[in-house]
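What you are looking at is a predicted structure, and each value in this text was computed from that prediction instead of being measured. Side chains included, hydrogens not; waters and symmetry mates left out as well; all remaining heavy atoms used. Convention: sequence-line order gives letters A, B, ...; per-chain numbering from 1.
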Protein chains: 2
Amino acid sequence: MAQGPTITTIAERAGVSIASVSRVLNGLPTRQETVRKVMAAAEELGYVRNAVARSLKSRRTHQVAFAMADVGNPAYLAMLREIQPVLKAAGYRLVLHSTGAVVADEIDVLHSLGERYVDGMIMVPLRVTEAHLQMLGAARAPVVVIGSVPEGTPVDNVRADSRTGVRLAVDHLHALGRRRIALVNGPTDTVPGAARGAAYREALAELGLPYDEELVEIGDFYRAEGGRAVAALLNRVSDVDALMCANDLIALGALDVLRAAGKRVPEDVAVVGMDDTDLAAASWPSLTSVSLGSAERGRVAAELLLDRLQDGEHEPRVVTVPPRLVVRASTTPEPPATRGRSRDGRSTEGGGTS
Amino acid sequence: MAQGPTITTIAERAGVSIASVSRVLNGLPTRQETVRKVMAAAEELGYVRNAVARSLKSRRTHQVAFAMADVGNPAYLAMLREIQPVLKAAGYRLVLHSTGAVVADEIDVLHSLGERYVDGMIMVPLRVTEAHLQMLGAARAPVVVIGSVPEGTPVDNVRADSRTGVRLAVDHLHALGRRRIALVNGPTDTVPGAARGAAYREALAELGLPYDEELVEIGDFYRAEGGRAVAALLNRVSDVDALMCANDLIALGALDVLRAAGKRVPEDVAVVGMDDTDLAAASWPSLTSVSLGSAERGRVAAELLLDRLQDGEHEPRVVTVPPRLVVRASTTPEPPATRGRSRDGRSTEGGGTS
DNA sequence: TTGTATGCGTTATCAT
DNA sequence: ATGATAACGCATACAA
């Protein structure tokens with residue numbers, strides 16, 4: 001923990017100037033003899049380059065931030081898992097920001113971009129307020145937003161298509177003969193909540209099914225709250241034969257409640273989740289879920305950011321990642337071969353140490 | 001994205017010296033008039049303090065690193081979820097390192113500590129080699145290791161007790177009348193693999209059960225590999241009535257294979273996992289699992305690190321977190337009230353955006 | 001109270 | 001090829 005050696009220390013030890021040391025360390029043309037002396041001194045002293053000083057001079061930190069509402073959210077984790085290796089491969093460190101679903105914190109994080117401790121940022125805003133847009137417009141480093149921002153916002157933008165996603169799910173349920181399809185949504189003042197609510201309504205209309213507001217229940221994006229919402233719904237309407245849940249956690253809560261109520265899934269009530277998290281493949285029964293491409297959105301966002309970090313200026317890009325319906329046991333008793341998709345084994349070694 | 005203003009810019013604008021600007025910005029005693037001028041200028045220019053320059057001067061980055069094998073591992077994620085808020089509350093940013101289970105990369109990460117882009121580090125090494133110990137001894141910033149390091153290593157140390165953990169599980173299975181209890185382990189050259197292997201043997205001995213090496217199968221800590229290992233095991237021995245799996249992913253793989261083989265869980269074969277990840281509560285059937293306190297280890301590690309970042313020097317501390325058996329359906333048809341523990345609803349809002 | 005000047009550890013631009 | 005020196009943006013000891 002001692003005061004580490006600097007290029008000055010090395011210069012003295014090697015009997016050369018700090019300029020020469022710097023040159024050797026950066027591989028610039030130098031006489032063999034000098035190289036030898038410097039390398040030897042650096043080796044002996046256990047020299048390690050100071051990243052902070054280097055950043056001050058070079059104006060690059062080789063760090064990138066990833067900001068989302070909650071590290072505990074499996075959808076964000078799926079993004080994180082993709083973002084991390086992409087950035088690492090390009091020589092960037094990843095700084096994590098968990099804003100706790102508080103708008104002020106998200107603004108704060110954007111503000112902190114000005115501190116220049118990162119070269120750029122990937123952000124998944126929960127809501128997109130006027131303040132967000134203002135900060136994004138004034139950002140002093142490149143930002144990639146996962147989610148939707150209005151045209152003209154000067155940031156790259158990776159979108160999911162939850163409209164199509166919801167339609168895939170509702171169509172699927174309809175094709176299975178379900179006609180009383182309820183929506184269990186999260187708060188409608190969030191971006192995903194609003195989008196999914198509207199998409200549900202549209203999907204019904206396209207199928208010629210009536211929109212019955214009795215069939216819509218608003219809770220929160222958590223398992224317990226999802227369960228409560230479903231309980232309330234079942235208490236109100238008795239003939240529900242399918243539940244479209246706004247995310248997987250809500251769907252898991254639904255399964256809990258349905259089981260407790262003695263309803264069979266999918267025979268009595270079919271259940272569809274959203275985000276296709278790890279929990280969906282593992283659940284009981286396994287959960288049909290709409291993948292909104294969390295992983296791919298993360299990967300694309302990382303690539304867009306890297307691209308911009310290198311190229312610098314060009315027009316903002318918008319990429320939309322298509323959704324995909326993953327059918328499992330919660331809608332069909334005999335799910336197709338997809339069961340326990342192979343990517344389930346992708347992660348993890350060493351579940352803790354002794 | 002313009003060249004941001006610095007204290008020099010502000011000084012000119014306000015007609016004062018950079019020293020005065022710095023004083024105002026840091027709340028040092030200054031004349032009201034000056035304060036006003038500086039604040040006004042800073043406001044107009046949208047000044048944000050440069051964190052890099054500040055760090056170079058103050059020798060503190062207000063960043064902390066968390067290094068583990070794989071961001072995709074739920075056990076590490078559980079730690080991450082606890083570490084993040086603790087550090088955030090103390091004003092530290094979190095830098096993530098995923099070493100990909102490669103020893104050389106772990107050494108690399110320890111080496112990079114010398115670059116001083118972080119004030120300290122929390123690391124979960126997969127193996128603890130001589131190189132690790134050497135780097136830890138020479139570290140130029142405080143390190144907290146989650147896992148076990150030998151006495152005398154100058155770092156704080158948060159341990160799990162997988163020995164007791166395995167015993168809890170084996171005792172549980174024994175109490176349920178199981179006598180042919182197999183171990184499905186990961187590589188025995190990893191810290192957790194070795195510990196769990198030894199603990200299994202001990203637990204059997206204490207119960208007076210014979211150690212039968214036919215009952216031990218080595219695979220890897222993944223779902224697919226776990227499944228393969230179990231398949232091989234079942235193919236070799238026909239009277240297995242319980243599986244002790246070295247982590248939850250292996251256990252999930254076991255459930256897959258048992259189901260495919262037409263075995264009932266837990267009637268024919270009881271299954272226990274380890275780490276008690278989110279997947280355990282969600283699985284089908286829900287999985288009895290030994291919690292090694294991943295979350296708590298993470299929290300404790302963060303607290304130890306913060307403590308050392310403030311206090312500076314004191315004796316290395318060792319904290320051991322006790323394990324806990326969480327009984328679910330995979331060992332008892334009628335699991336206790338623990339089903340779907342309440343913390344399941346803790347995370348997540350907004351499963352992606354449209 | 002305020003300004004001048006120095007240093008944090010590097011990189012880069014000059015001369016030499 | 002090498003050395004002296006100036007920046008990078010900030011904080012601070014010292015002088016005024």
Side-chain angles (χ1 to χ4, degrees), chain A residues 2-42 45-63 112-119 140-141, chain B residues 2-42 45-63 112-119 140-141:
Chain A
Q3 194 53 250
T6 71
I7 53 170
T8 308
T9 329
I10 298 183
E12 288 168 357
R13 177 76 151 241
V16 298
S17 72
I18 62 166
S20 287
V21 175
S22 180
R23 278 188 210 102
V24 172
L25 261 29
N26 290 312
L28 297 177
T30 318
R31 186 155 50 106
Q32 273 307 315
E33 174 62 12
T34 310
V35 172
R36 248 195 355 84
K37 284 191 294 187
V38 169
M39 294 307 273
L45 294 168
Y47 171 79
V48 180
R49 191 161 51 199
N50 183 316
V52 176
R54 163 172 261 232
S55 291
L56 178 58
K57 186 66 186 164
S58 68
R59 298 161 171 285
R60 306 204 106 219
T61 60
H62 294 284
Q63 292 192 155
S112 76
L113 249 188
E115 296 179 6
R116 318 215 74 113
Y117 65 96
V118 286
D119 297 337
R140 298 225 171 80
Chain B
Q3 194 54 251
T6 72
I7 54 171
T8 308
T9 330
I10 298 184
E12 288 167 358
R13 176 75 151 241
V16 298
S17 73
I18 63 167
S20 287
V21 175
S22 179
R23 280 188 209 101
V24 172
L25 262 29
N26 291 311
L28 296 177
T30 318
R31 188 155 48 107
Q32 273 308 315
E33 175 62 11
T34 311
V35 173
R36 248 192 356 83
K37 285 191 293 189
V38 170
M39 294 307 272
L45 295 169
Y47 172 78
V48 180
R49 196 161 47 203
N50 184 314
V52 176
R54 163 172 265 237
S55 290
L56 179 57
K57 183 70 184 163
S58 67
R59 297 161 170 287
R60 306 205 104 218
T61 60
H62 295 284
Q63 292 191 156
S112 77
L113 249 188
E115 297 179 6
R116 317 218 75 115
Y117 65 95
V118 286
D119 297 337
R140 297 223 172 82

Residue pair B:D119 / B:R59: nearest heavy atoms and the distance that separates them: OD1-O, 4.4 Å

Rounded off to whole Å, could you give me the CG-to-C1' distance for the A:L28 and C:dA12 pair? 10 Å

Derivation and outcome, side-chain contact (heavy atoms from CB on, under 4.5 Å), residues B:V16 and B:K37: CA-CA 9 Å; B:V16 298; B:K37 285 191 293 189; 4.1 Å; yes

Say whether, by atom type as modelled, one donor and one acceptor occur between the side chain of B:N50 and the main chain of B:V52 under 3.5 angstrom. yes

Answer yes or no: is there a donor N or O on one side and an acceptor on the other, between the side chain of B:R116 and the main chain of B:R140, under 3.5 Å? yes

Rounding to an integer number of Å, can you tell me how far A:H62 NE2 sits from C:dT11 P? 11 Å

Take B:V24 and B:M39, measure what side-chain contact (heavy atoms from CB on, under 4.5 Å) needs, and give me the verdict at the end. CA-CA 8 Å; B:V24 172; B:M39 294 307 272; 3.7 Å; yes

Test side chain to side chain donor-acceptor pair (under 3.5 Å) applied to A:Y117 and A:S112, step by step: CA-CA 8 Å; A:Y117 65 96; A:S112 76; 3.2 Å; yes

Is it the case that more than 12 heavy atoms not belonging to A:Q32 sit under 6.0 Å from its CD atom? no

Students often get this wrong, so: under 4.0 angstrom with heavy atoms, is A:V16 touching a base, only sugar-phosphate, or nothing? sugar-phosphate

Rounded off to whole Å, could you give me the CZ-to-P distance for the B:R60 and D:dT12 pair? 14 Å

If the helix axis at each end comes from five base pairs, how far does the helix from C:dT1-D:dA16 to C:dT16-D:dA1 deviate from straight, to 10°? 50°

With a cut-off of less than 4.0 Å, is there a side-chain N or O of A:T34 near OP1 or OP2 of D:dT2? yes

N/O (side chain, B:S20) to phosphate O (OP1/OP2, C:dG3) under 4.0 Å: yes

Show the numbers, then the answer: is there a side chain to side chain donor-acceptor pair (under 3.5 Å) between B:T6 and B:Y47? CA-CA 7 Å; B:T6 72; B:Y47 172 78; over 6 Å; no

Let me have a per-nucleotide readout for nucleotides 4-11 of chain D, 5' to 3', with B, S or -, counting only protein heavy atoms under 4.0 Å. BB-BBBBB

